[in-house]
Structures are given as C-alpha cells and as structure tokens.
K.L.:
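Before we start, here is the structure in question, set down as structure tokens.
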2 protein chains.
Amino acid sequence: MLNYVSRNDSIREESQPVTPERETDRELSELERESVEYFVSFAQMMGFPKSIGQIYGLLFMSFEPIPVDVVIEKLGISKGSASQGLNLLRDLGAVKALHRDGDRRGFFQADFDVTRIVRHFLDEKLLPRLTNGEDRLARMQSIAKATGLENSVQEVAEVRLQALQKWQNRGRRLLPLIRRFFRL
Amino acid sequence: MLNYVSRNDSIREESQPVTPERETDRELSELERESVEYFVSFAQMMGFPKSIGQIYGLLFMSFEPIPVDVVIEKLGISKGSASQGLNLLRDLGAVKALHRDGDRRGFFQADFDVTRIVRHFLDEKLLPRLTNGEDRLARMQSIAKATGLENSVQEVAEVRLQALQKWQNRGRRLLPLIRRFFRL
DNA sequence: TCTAAAGTTCATTTCTATTTGAACATTCCG
DNA sequence: CGGAATGTTCAAATAGAAATGAACTTTAGA
C-alpha cells in the first residue's frame, strides 16, 4: 500500500532520510496477503492462472496505482508474468493503466467492479462450452437417426440423447438467469 | 455397443463361427466417439479429469453393461485409470456396478441422470470455494478494522471489502438458485 | 542521435495433475 | 489348496499449463 515514488537511485546519493524506503514496502502486508490469496482462489475458479489472481489481489488492496516493478517485487513473480498478466487484466477491463508525469513507468489500478471478469468468464469460458455441447449433441442425434443401426439400438440411443438434451437445455437457460442475477 | 460375452479363449478352440468377435467391437463407434468427447468436455467443466469423462461417455452410449476390460480396450486407457475412474464414478452415483452369473468380471452401467454429478460439483467444488472466500473476507475485514492502519487507508480498505462482500453474497445466493433451477 | 529504462515476446524450464504399469491383494473355481 | 482372473494401489512417468528469463523492441530524454 502507499506511495510508490520513482526510485532514481542515481540522484539520491545516500543523503537525506527521505521516506527511507522501508523494507516492508517491498513486502506484502497482512491485508495484501489475504487479498492475494482470495483472488488467487477466485481466479482459479474462473479458470485463470494463479498469477492473474495474485496481481489483481495486490492491486485490489492497493491504496494507489502501482508500477510494474513494484508488482514484480511484492509478488516475487517474473517480468514476463507481470507484463502478460497485467495486459490480460487490462484487456478484461479488470485493471486500468495510467501514467504519471515525470515517470516513464506505467501504473496500474484495479477496477473494483468484478463484473467484467465474471462476464468474460460467462462469454468466453461457459458459453463456448455450452455451444460446443449443443453441436456435439446435434451431431449425435443425426447419427442416431441415420440408417445403419439396429432398431432397438437406435431407439435406446434416441431416448438417452433426449434425456441429455433436457440437461443441455437447462444449462442453456441457466446462463441468462445468471446474467440477470448478477445484473450483467 | 452390443454384447460383451466373457471371452474364455481356452474353451473356444478355433471352432464355431460364434459371433466372430468383430474387431469393431473393440473400437469406438461414431456415436460412442461423440459421446466420449461430449462428456470429456463436460467432465472438464466440472473439474474432473479427462478419463472420467471418457469412461462415462462410453457407458452413457452403451446399450448394455460393460466389463472393465472392455472399457480399457475401447478407450485405450490403463487398468489403473479404469479402476480408479469407475470407482469414482460409482461413488458419485453416476455409474452402477453389477455382476452377471457365470462371469467373474464386474460390469458397469451409466446412471443416465446427471443430477448426482452436478450436485457433487456444487457441494464439493463450488460450495467449499464460496465458504473459503467468506472466511478470508471475514479475516480481511477484521484486519482492516484492527488498529495499526492509517485512518485513510483503513477507510479505503473497508469500502473495498464492502464491495467485495456484495459480490460474495451474490455468489452465495446464486447457489440455492441453481439448485432450485436444476431441481436438486 | 544515443543510451538506458521500460516493456514485450517466446523458447525453455518448472510445476502440477493425470496416467501408467507393475507389484500386490483378492476371489473364484477346478 | 493352487493358480488364473480380476481388481487395487501407488511410485514413477507423462503431458499439459504456467512461469521464467534472456533477447529483443520501444520509448524518453540527455
């Protein structure tokens, strides 16, 4: 949390005790640690990698925007993970990129509304699976109807596919229900 | 599909043309292949390993109960996977174990009602995560209230945690909604 | 223009979940 | 019993996902 000033190591030559850059600023506070764990679990539920949850969890509990290098140090993750993770989060709209005058680094701030993340999950993860299931089911139904199967077998297959269809339909109808429920 | 007779290789000495054990019986029919893929996808959505989906998919489209060795041959999976997978499915109630007189092998049959699988998902996968989230959130709230934080920081933290609480609550209320929707 | 900081990319490594298969246990039947 | 068929277990192999980090590109400002 708090204040991440650009560290122009070159200028400050072991002089003033200017906000002496306490070691703890580079470590997670108890609150940050809990937030990180909370969102790691959440991210995994949504099918995102751990690092995404870590980054969002950190930003969520950060009092002000954080530059990438601080994200890296605090979470102990690599430059690559941080860069990719932040870009993904930005694309999801879960995180906003800002910049500050006199600082070349990009800063990031969490969007505290998880709406976009949930919507992305529904649209990009759940919906495709549902659709995929519908396609496959339709294909099975046409195979079952096609000639070439014993009558008894065909009948059994059709009964089962019908039962499956019922569930598939329920799943499909659940989606808008969830959307309405979460108002998104 | 069809007829899996105990193969007592010892007795049938290259004599009668008794249901000549066509090669195709050991391979997946088109319908079975689709069913397997369908349930592999479904299983993965529910957080189960692929093999669970394969096995269930095969049994779902099988006209009659199948013995373990046929599951192994048709799916090309190992004895271990088949054994463990079938036991898990049996524990979930997704599959029923039977035995046939004059055959030492155990036979398995799919329960065509996916209710149990979905219920297991809700109870064992979703609910624990929700509860875990609630615990962590409560912990964060008590940390935030505790002394030791700047007033401004504390206030910001509390506002954010409140927003999070709102989502956590929604998630919690969604669960019974889903249950009602699926009638389980 | 040149340099160093910042950021990106992606082949390689690391980590984790799943599967395998061989050893072991059990059961059925001669 | 004896032993073959069946089923279980779990250490080790494998595959797939994610993270790393070094090479590369871009940018700012001296």
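To find a chain, count down the sequence lines: A is the first, B the second, and so on, and within it residues start at 1.
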K.L.:
Locate the shortest heavy-atom distance separating A:L58 from A:V71; write the atom from each residue and the value.
P.N.:
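Answer, listing the atom of A:L58 first, then A:V71: CD2-CA, 4.0 Å.
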K.L.:
B:K50 has an atom NZ; how far is it from atom P of D:dG16, in whole Å?
P.N.:
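Atom-to-atom, B:K50 to D:dG16, this comes out as 7 Å.
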K.L.:
Distance check needed: D:dA17 P versus A:F48 CZ, whole Å only.
P.N.:
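To the nearest whole Å, that distance equals 16 Å.
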K.L.:
Closest nucleotide of DNA chain D for B:R90 versus for A:G80: which of these residues is on the 5' side?
P.N.:
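Nearest-nucleotide comparison on DNA chain D picks B:R90.
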K.L.:
So what does B:K79 hit on the nucleic acid, given a heavy-atom distance under 4.0 Å: a base, only sugar-phosphate, or nothing?
P.N.:
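Contact class for B:K79: base.
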K.L.:
Take atom CG of A:D103 and atom P of D:dT27, then tell me their distance rounded to the nearest Å.
P.N.:
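Result: 17 Å.
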K.L.:
Check A:G57 against A:F39 and note the closest heavy-atom contact, atom names and distance.
P.N.:
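For A:G57 and A:F39, the tightest heavy-atom pair comes out as CA-CD1, 3.5 Å.
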K.L.:
To the nearest Å, how far apart are A:N87 CG and C:dC10 C1'?
P.N.:
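Those two atoms, CG and C1', are 14 Å apart.
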K.L.:
Let me know, please, whether A:S83 or A:R104 comes out on the 5' side of the other along DNA chain C by nearest nucleotide.
P.N.:
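Looking at the nearest nucleotide for each, A:R104 comes out on the 5' side.
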K.L.:
Given C:dT19, is OP1 or OP2 found less than 4.0 Å from the side-chain N or O atoms of B:S78?
P.N.:
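Indeed not, no polar side-chain atom of B:S78 lies that close.
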K.L.:
Between A:D69 (CG) and C:dA4 (C1'), how many Å, whole number?
P.N.:
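From A:D69 CG to C:dA4 C1': 15 Å.
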K.L.:
Under 6.0 Å from the CD atom of A:E155, do we count more than 12 heavy atoms belonging to anything else shown?
P.N.:
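No, because the 6.0 Å sphere around CD of A:E155 holds 12 heavy atoms or fewer from other groups.
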K.L.:
Give me the one residue out of B:D111, B:V36, B:V95 that meets side-chain contact (heavy atoms from CB on, under 4.5 Å) with B:L59.
P.N.:
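Passing option: B:V95.
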